[in-house]
Amino acid sequence: MKIYNTLSGKKEEFEPKEAGKVSMYVCGPTVYNLIHIGNARPMIIFDTVRRYMEYKGYDVNFVSNFTDVDDKIIKKAIEEGVDPSVISERYIEECKKDMKAMNVRPATTHPKATNEIEGMIGMIEELIAKGHAYVAKDGTVYFKTRSFREYGKLSHKNLDDLRGGNRSLLVSGEEQKEDVLDFVLWKPKKDGEPYWEAPWCEGRPGWHIECSVMSKKYLGDEIDIHAGGEDLIFPHHENEIAQSEAANGKAFARYWMHNAFLNIDNRKMSKSEGNFFTVRDISEKYDLQILRFFMLSAHYRSPLNFSADLMEAAKSGYDRIVTSVSNLDYLLENAPEREPDAAERADMEAAKGYMAKFEEAMEDDFNTADAISVIFELVKFVNTKAKEQSSQTFLQAMKKEIVTLTDLCGLIVEKEAEILDEDIEKLIQERQSARKEKNFQRADEIRDELQKQGIILEDTREGVKWKRA
């Protein structure tokens, strides 16, 4: 299995630090509002990575945090006249609802920053003791960037170039920095803000220290995979490396994975430009399984453009898979119980080859785009082979092949059987009788009436099928 490592800038063979186990940390959202579709991409991508790792037999310890103390959370709390915890808890629960709807599995642990303050203070104390951090007059604690000689190794940026090109980082109130690139580990409280007691002042942690501490507590000093959006490479992940390795004295993460940006209609997503969508917005028009399918239809390191046309294309593709599985279920209802014949046995063996192609795609840096293409190839194969007189064993084997591959992508293609209202059932039966009696006018009237109620009928050679509009 090969993974593109941002740290080295190339694909590397994946070798966990402990055989059979994977420790993985994914930066989670700051919870001050409903999550947007940009948040959704890493959630879906790295949930899929986790699923595949587990399929390959790894015991995956998957940690993804919630940043529940932040300027934006505080601002919203002030606007609503409530405690910041009310805002963060509200949107943590809303985020979990959206994750469930996208079939993103809960992490092994979802730590919250406010529950880990003690560990953050401890790491900051260690950094000060080792000469990697200093306390300014007002109690702000800064990381001494030049004390970490490898700073810039993840983002491949030169420290001197960064310093020369980032004078603007020295904003009002930060004149006390020893170096323009030094970053905040702890900051003093402001009026109306939540704060904690610390040796330097009453205040709260900087953003970067949070992930270093939560990763250390739940996964250890050194982890296998650290992941997130490419916008986090610099400065967030760069700063995480500096403070973690300076404090712990060992490599922080063996592999760094980053997904590319998501654009809206070929433009960067922006509230001010009116092209900003939350996951909840999308759910009002589409099943969120379609959003997941859309996200997986491109390689995670490729920029992805979101548009109405592309979502409609994703819906068509996803529906094609669901329809194939639904057709197999329909055929299974009356399939003969017999041993597969020679042709069916040959087809069952041929179908297994699609799993090998799927694995080949996934093990080449989790190329879900190619993996989805393999699923389509399998669906086409099954659609040509499954017939009304196919054996139960054969049909079940075909269904299992499709469901296994889609499940590895986190795609739900087996829809629960729906129970029609009694009146609708009667109308369908009446239509069938009208057709037998060649009363096609009445049959058409019933079809139109059902369509108004959101029931679409399909006359196939296997019989009448229906689906929700």
- Message: Is the ring pair Phe14/Tyr255 parallel, tilted or perpendicular, if the boundaries are 30 and 60 degrees?
- Response: tilted
- Task: Evaluate the side-chain proximity of Gln243 to Phe148: yes if any heavy-atom separation is below 4.5 Å, no if none is.
- Result: no
- Message: Treating Arg280 as the side-chain partner and Glu94 as the backbone partner, does any N or O pair qualify as donor plus acceptor under 3.5 Å?
- Response: yes
- Name the orientation class of the two ring planes belonging to Phe252 and His226 (parallel below 30°, tilted from 30 to 60°, perpendicular beyond 60°). perpendicular
- Task: Compare all side-chain heavy atoms of Asn275 with those of Asp265 and state whether any distance is below 4.5 angstrom.
- Result: no
- Would you check if Glu401 and Val382 make a side-chain contact, meaning some heavy-atom pair closer than 4.5 Å? no
- Is a side-chain donor or acceptor of Ser244 paired with a backbone partner of Ile241 at a separation under 3.5 angstrom? no
- Message: Measuring only between side-chain heavy atoms, which start at C-beta, is Pro111 closer than 4.5 Å to Lys217?
- Response: no
- For residues 69-95, pull every pair meeting ring pair (Phe, Tyr, Trp, His ring centres under 6.0 Å), keeping only residues two or more places apart or in separate chains. none
- Heavy-atom side-chain proximity of Met24 to Met53 below 4.5 angstrom: no
- Item | Residue pair Tyr330 / Glu388, side-chain donor-acceptor N/O under 3.5 Å | no
- Query: Is there a donor-acceptor pair closer than 3.5 Å between any side-chain N or O of His208 and the backbone N or O of Glu240?
  - Reply: no
- Task: Using atom types as modelled and distance alone, determine if a side-chain donor or acceptor of Ser88 lies under 3.5 Å from a backbone N or O of Ser85.
- Result: yes
- Item | Side-chain H-bond candidate by donor/acceptor type, Ser307 with Asp309, under 3.5 Å | no
- Query: Given side chains that start at C-beta, do those of Phe394 and Asp347 come closer than 4.5 Å, heavy atoms only?
  - Reply: yes
- Task: Verify the distance criterion only: is there a donor paired with an acceptor across the side chains of Tyr218 and Glu116 at less than 3.5 Å?
- Result: yes
- Message: If you define the side chain from C-beta out and look only at heavy atoms, does anything of Tyr25 sit under 4.5 Å from Cys211?
- Response: yes
- Just grab all the salt bridge (Lys or Arg N to Asp or Glu O under 4.0 Å) pairs involving residues 101-112, residues at least two apart or on different chains. Glu54-Arg105, Glu89-Lys112
- Query: Hey, are Ser316 and Asp319 close enough side-chain-wise for a donor-acceptor pair under 3.5 Å?
  - Reply: no
